[in-house]
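One structure is given here, and the rest of the page talks about it.
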Amino acid sequence: MRKPRDFDAELQALTDKAKALKTKKQGQLGELVIATGADALPIEQLAGALLDAVGADTTRKEAWRKSGAAFFRGEGARIRKGAGRNARGASAVNTSPQSPSGEAGAA
């Protein structure tokens, strides 16, 4: 005969595992915030940056993925410094083609 399964015990074990994974994920996110230096930002600024990231286009997300992968490979300090320059450069690049075309259209 088969041994009856204890569904309640299995469900409780899965619930405990899910809680442990959630706690681990929260801890890792906290470590990531500290490792990247984002803990120095005001919470409102960090939340705003994350909200912008959620709505970003796929090319920006891919660039962020690449710099994040480089960060985890141990190139974090160099990438973080370069990412600030790239972000400013990208915004300047994004606005400059629009401005000349807008000026050309206005003329």
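Within 6.0 Å of CD1 in I43 there are 12 or fewer heavy atoms belonging to other residues, nucleotides or ligands.
For the residue pair F71 and A35, the shortest heavy atom distance occurs at CZ-CB, 3.9 Å.
Both L41 and L50 are assigned to one and the same hydrophobic cluster, defined by single-linkage of ILVMFWY side chains at heavy-atom distances under 4.5 Å.
Residues passing the salt bridge (charged side-chain N to carboxylate O under 4.0 Å, His left out) test with E44, sequence neighbours excluded: none. E62 meets the side chain to side chain donor-acceptor pair (under 3.5 Å) test with R65; sequence neighbours excluded. In this structure D57 satisfies the side-chain contact (heavy atoms from CB on, under 4.5 Å) test together with T59, R60, sequence neighbours excluded.
Residue pairs meeting the salt bridge (charged side-chain N to carboxylate O under 4.0 Å, His left out) criterion with at least one partner in residues 5-26, sequence neighbours excluded, are R5-E10.
A donor-acceptor contact shorter than 3.5 Å is absent between the side chain of K61 and the backbone of G55.
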